[in-house]
Each structure stands twice: as C-alpha cells, then as structure tokens.
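Just below is one structure, and these are the notes that go with it.
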Protein chains: 2
Amino acid sequence: MFPCPISEGDIGSLSANELAKLHQTTHFLVEKAKTARHFLKASGHPLPIAQLTISEITDDKTETDHFLRQVLNGTDIGIISEAGCPGIADPGAEAVSWAHIHGVKVVPFAGPSSIFMALMASGFSGQSFAFHGYLSNKNPALSQQLRSLESAMLKTGQTQIFMETPYRNGFMTETILTTLRESTRLCIACSIGAPDEDIRQMSVARWKGSDTSVFHKRPAIFLIGST
Amino acid sequence: MFPCPISEGDIGSLSANELAKLHQTTHFLVEKAKTARHFLKASGHPLPIAQLTISEITDDKTETDHFLRQVLNGTDIGIISEAGCPGIADPGAEAVSWAHIHGVKVVPFAGPSSIFMALMASGFSGQSFAFHGYLSNKNPALSQQLRSLESAMLKTGQTQIFMETPYRNGFMTETILTTLRESTRLCIACSIGAPDEDIRQMSVARWKGSDTSVFHKRPAIFLIGST
C-alpha cells in the first residue's frame, strides 16, 4: 500500500524502503489513474509507465476482484490513493478487506497523512482521538454534530477530528465559531505538507479575532481537543 | 517533529526531506536520550552526537519551558519520541501545546506510526475511527470496555483501535475472544514495520481457531471494525 504524497510532486516524502518496493511493483490498483501515473513517473520507476498495469478502483466489485486475483498467482499489487494514505478515508479499504479474506499479505508503508500530521501538530491528546471524516454541510445538523463532538471531548478528553471540502471551509469555520464554547480549543491545519502549510491552534475566542478567510479553498483538517 | 523509526535501526523509513531537516537541527527535545542519540547517529547527522543538545522530556514543566524558550531566539528544536510519531500516544503533545501558546511554528514530518499503519492494513473503515490507547488490564473492567467499543462500532461503523503492553497480549487476546461476538471482525497488527510483521484480520470465530500465542511479548495494535 503506497501513500501518495499529499502535496503535489513531493517525492521527497517517500522513504528509501518505499521507493525500492514501488520500483519492484508492476501492478497497481489506484483511485485515479492519472495521479498514479504522475506519481510513478516522478518517483523514477525503472519501467516505462506504459508498461505498468494500472487499474482504477471502481464500484464494480467483480472487476476489482478479478484484478486482485492476480496476487494469488504471486504478482504483488500496489494500492495508491489520491492523497495521504490508502485505506484512510478513501476506497483502498475494500481492496485490503479482499486481501484479508483471501489470505493475502497486506504490507502498509508509512507516509504522509493529513489526519495524522494534523493531530501531531495540534498539541491535542494523541492518547485518545476520533476521526469523523466529513460532517454535515448544512445547519442545524452541522451545529448539532459539532456540539456533540465538543461534549464528547469535554467529557472524555478525546480529541475530535473532522474535515470539510476546501470551498466550504468558510461555512464550516463560521459555524464552528458561532456554535462552540469560547474556551474550546480549535486547531485548523491547512495545506499540510505544502509550502504554504499553516497549522494553528487556539481557543475559539481567539480564533474569532483572526482572519479565517485565508483558509478559503485550501485543504484543511479541523480538530478540537484539550491541552 | 521527527518520527523515530518504529522498528530498530530502520533509517530507511525516513524521507529525503526529513533527513535534510534532521541534519540541519542541533537541538532536540526527546522522550529517551539514548534512543534519540542512536537514531541521530544512525541517520548520519553531520555533527558529532556529543555536539548536539539533547534534552529529555520530564514532568518538570519549568525545565521543559526553559528548554523550549530557545526556539523564541530562532533555534529550531526537533522533537523525537520513542517510537512512531511524536504527539501521538506520547509526551510530545505538551511541547507542541507550548509552541502554539507561544506562537511558534510547528512542523510535523510524516513517518511510521503503528496506529496508522495498522488501520491502513486492517481493511476496516478509515472514514471514521477512534483510538483509545490502553484499555483496562483487569476484568471485569476490560470486558465491559470491549463490549462498549463493540457496541459503538456496530452502531456507527466506527473502527475502534486500542493497544496493550506486549507481555499482556495473551490476556488481552483471550478476553477479546471470550467477550466479543463471533461475527465481530478483529485485526491484530503485530510487529508493524519489523521483519516479522504479522497483520491479520478475521472474525472472532476464526481467530478462536488460530494460534494467538505467537503474539506473546510482541508489540501489537488491536482493531475491531466492519468491512
């Protein structure tokens, strides 16, 4: 399972081990073929990209099953997802399940993951945390969910992590700041791994005094927690 | 924040970017000085290890605060934890909090994390997951916690992740297999990143037919989830 760099072209985030294994692999199950080809080429794969077998993950389980069955004949298959790590918030998990059912060895390679790096950089507890993916993008549902996460966090100390689609960051940020308590600590981790990476954590009260329009249309992870 | 390789001596898991930054850094706040020195030496740091400033994180907040204040004078400080990534299930989180309070930029580097790699390799949902650290090591508390996690998982589909101290893996595994439903899927991710890495996911019923003594005294992450 190969993590695709989370910021474009950042091959420097791959380790020597990963590169070696990547270069030995010829068959790939991927989220988007175009991104995968770009990634493989940039990584300096010894084979011409046209000679690699790259298959996109689709909803067609029969097709995916058929592709994966090659692994039963001894062919290693690499899974590459769009950004971050395969199997975390993306379609790779089903291929992995298939592997476990068929007794095929699954080898995860470490790599950049926004969720994980955001948590590391937030200063919030890493002893107990929950990732919720995307919350609702409408009120009152979103406000209710945010209050529920805040409650859980205050009760157990568990860090709560969630995401939003970049062009909706404004709505999300506004809703957070009008819904949560002034004293609740919020971390917005924006453009992680990119040159314009911006990871800041403060109380809701202090965020209200900040310019949050800077996050508009940039990938961001949101975390609330205690320090 | 520098992730320390999770299996001994595996410098090959560091990326070119991380190595470059590591080699430019001269001051480190670490969990264990001995491990950090070994890691820095193995990474090929250009300076003799004796010339680096390596300070262990202690309970003494004044001491830590004093050390961290150097960063306000422009000195970069690297945080190195015992295994996996700093800030996740280890003392690095407090140093990061300090940084946020003092407006110091926190830069996380991707790296191996057992929790994360286990999740990737489990085949369970990465869309929603919770990490609980260590559960109780006694019954009936442990059974109650396991049933509670199983409930949450069945109700919401959220993957539940937890750990145990290696020499207690036997007790944990036994309790899981006698407490949870036969149909619940369990992943045991053992020795992640090491040559003897063993990551398998099956139903509780099938685990009952397996030899789980192989996990004794080896680092393992436990996950329950749906596929």
Side-chain angles (χ1 to χ4, degrees), chain A residues 1 3 6 10-18 20 85-90 92-101 105-113 115-134 158 185 187 189 192-193 197 199-202 227, chain B residues 1 3 6 10-18 20 85-90 92-101 105-113 115-134 158 185 187 189 192-193 197 199-202 227:
Chain A
M1 302 184 67
I6 57 180
D10 186 20
I11 299 298
S13 71
L14 292 179
S15 72
N17 288 353
E18 287 158 16
C85 287
I88 307 284
D90 73 67
E94 291 198 29
V96 173
S97 282
W98 186 99
H100 281 292
I101 289 167
K105 188 175 181 186
V106 176
V107 183
F109 285 100
S113 154
I115 298 165
F116 197 57
M117 291 169 78
L119 178 56
M120 263 205 282
S122 69
F124 293 148
S125 171
Q127 304 283 344
S128 175
F129 60 90
F131 172 70
H132 302 278
Y134 293 96
Q158 186 181 62
R185 305 201 75 84
C187 176
I192 299 170
E197 175 182 284
I199 305 175
R200 286 178 278 149
Q201 182 253 92
M202 334 181 232
T227 57
Chain B
M1 303 181 70
I6 57 180
D10 186 21
I11 299 298
S13 71
L14 290 178
S15 73
N17 290 353
E18 287 159 14
C85 287
I88 308 284
D90 72 67
E94 292 197 31
V96 173
S97 281
W98 185 99
H100 282 293
I101 289 167
K105 187 175 181 185
V106 177
V107 184
F109 284 101
S113 154
I115 298 165
F116 197 58
M117 290 170 77
L119 178 56
M120 262 206 282
S122 69
F124 293 147
S125 169
Q127 305 283 345
S128 175
F129 60 89
F131 171 71
H132 303 278
Y134 293 96
Q158 186 182 64
R185 303 199 77 82
C187 177
I192 299 169
E197 173 181 286
I199 304 175
R200 286 178 279 149
Q201 183 253 90
M202 338 181 230
T227 57

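Using the six-membered ring where Trp is involved, B/F129 and A/F129 have ring planes that are perpendicular, over 60° apart on the 30 and 60° scheme.
Interface summary for chain B: among A/M202, A/E197, A/R185, the most heavy-atom pairs under 4.5 angstrom belong to A/E197. Among A/A130, A/A189, A/G133, the residue making the largest number of heavy-atom pairs under 4.5 Å with chain B is A/A130. Of the residues considered (B/G123, B/A118, B/A99, B/C187), B/G123 shows the highest number of contacts with chain A, using heavy-atom pairs under 4.5 Å.
Minimum heavy-atom separation, A/S125 to A/L119: O-CD1, 3.8 Å.
Taking A/H100 as the reference, nothing meets the side-chain hydrogen bond (donor to acceptor under 3.5 Å, both in side chains) condition, with sequence neighbours excluded. Scored by the side chain to side chain contact (heavy atoms under 4.5 Å, CB included) test, B/S128 finds B/Q158 as partners (sequence neighbours excluded).
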